[in-house]
Undergrad: 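Here it is: the structure, laid out below.
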Amino acid sequence: MAAARFLAPLGFLLAAAPAAAEEFAFLAAPHHDLNRVFRVNRETGEVGACQYAVKDGSVGVTLCFPAGEGAGAQEAGAYDLVATNHAKEAGVYRVDRRSGAISVCYVLGEQTVCTPPAR
């Protein structure tokens, strides 16, 4: 009986642990010939992207594009990424599920950029 009282709070803590692992969401760009993956911080809305590149004589490299104009931290929210079904679309949508705001995010030069949020 005493063991059950001790283990019950422990079980609650273990059940809550996976939620902390959901700080980021990841989504591949819908473009069929592009090996790019976007990530968003679910709380801040900051967006970045990475892709694989061939490098002679090695296993290759991961190229990452940091947050640039509009892709930095936003107001606290519940952010996620959504792709279109457009086969040639290289960008993704950053959505705030709390406010309904949507931005289009894509790589421009060496940075990830996003349009101003709109509803």
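Position 1 is the first residue of the sequence, and the numbers go up from there. The basis for the numbers below is simple: all heavy atoms, side chains too, and nothing from hydrogens, waters or symmetry mates.
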Undergrad: Please tell me if the side chains of T115 and S103 come closer than 4.5 Å, counting only heavy atoms from C-beta onward.
TA: yes

Undergrad: Tell me whether Q51 at atom CD has more than 12 heavy atoms from other residues, nucleotides or ligands lying less than 6.0 Å away.
TA: yes

Undergrad: With a 4.5 Å heavy-atom cut-off, do T84 and Y93 have their side chains touching?
TA: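 Touching, per the 4.5 Å side-chain cut-off.
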
Undergrad: Using a 4.5 Å cut-off on heavy atoms from C-beta on, say whether the side chain of K88 contacts that of H31.
TA: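 When only atoms from C-beta onward are counted, K88 and H31 do touch, with a gap below 4.5 Å.
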
Undergrad: Of all heavy-atom pairs between F24 and R42, which one has the smallest distance, and what is that distance?
TA: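 Here F24 and R42 meet closest at O-NE, 3.7 Å.
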
Undergrad: For the side chain of R94 and the backbone of C105, is there at least one donor-acceptor N/O pair under 3.5 Å apart?
TA: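 It does not hold such a pair.
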
Undergrad: Kindly work out whether a path of hydrophobic side-chain contacts (I/L/V/M/F/W/Y, heavy atoms less than 4.5 Å apart) joins V92 to V37.
TA: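 Cluster IDs for V92 and V37 differ.
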
Undergrad: How many angstroms lie between atom CZ of R36 and atom CG of L63, to the nearest 0.5 angstrom?
TA: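 So the gap between those two atoms works out to 9.5 Å.
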
Undergrad: Going by atom type alone, with no hydrogens or angles, which donor-acceptor pairs under 3.5 Å involve a side-chain atom of residues 67-78 and a protein atom two or more places apart or on another chain?
TA:
unit_1: Q74; atom_1: NE2; unit_2: G70; atom_2: O; d: 3.3
unit_1: Q74; atom_1: NE2; unit_2: G72; atom_2: O; d: 2.8

Undergrad: Heavy atoms only: give me the nearest N41-Y79 pair and the separation to one decimal.
TA: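 That closest heavy-atom pairing would be O-CB, 3.8 Å.
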
Undergrad: State, to 0.1 Å, how close R39 and C50 come at their nearest heavy-atom pair, and which atoms those are.
TA: NH1-SG, 3.9 Å

Undergrad: Within the structure provided, determine whether Y106 and V113 are in side-chain contact (heavy-atom separation under 4.5 Å).
TA: yes

Undergrad: How close do A29 and L34 get, heavy atom to heavy atom, and via which atoms?
TA: CB-CD2, 4.1 Å

Undergrad: Between N35 and Y52 (side chain of the first, backbone of the second, donor and acceptor by atom type, cut-off under 3.5 Å), is there such a pair?
TA: yes

Undergrad: If you group Ile, Leu, Val, Met, Phe, Trp and Tyr by side-chain heavy-atom gaps below 4.5 Å, do V104 and V82 land in one group?
TA: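 Yes: a chain of side-chain contacts under 4.5 Å links V104 to V82.
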
Undergrad: Compare every heavy atom of L81 with every heavy atom of A25, then report the nearest pair and how far apart it is.
TA: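 Scanning both residues completely, I find the closest heavy atoms to be O-CD1, 3.9 Å.
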
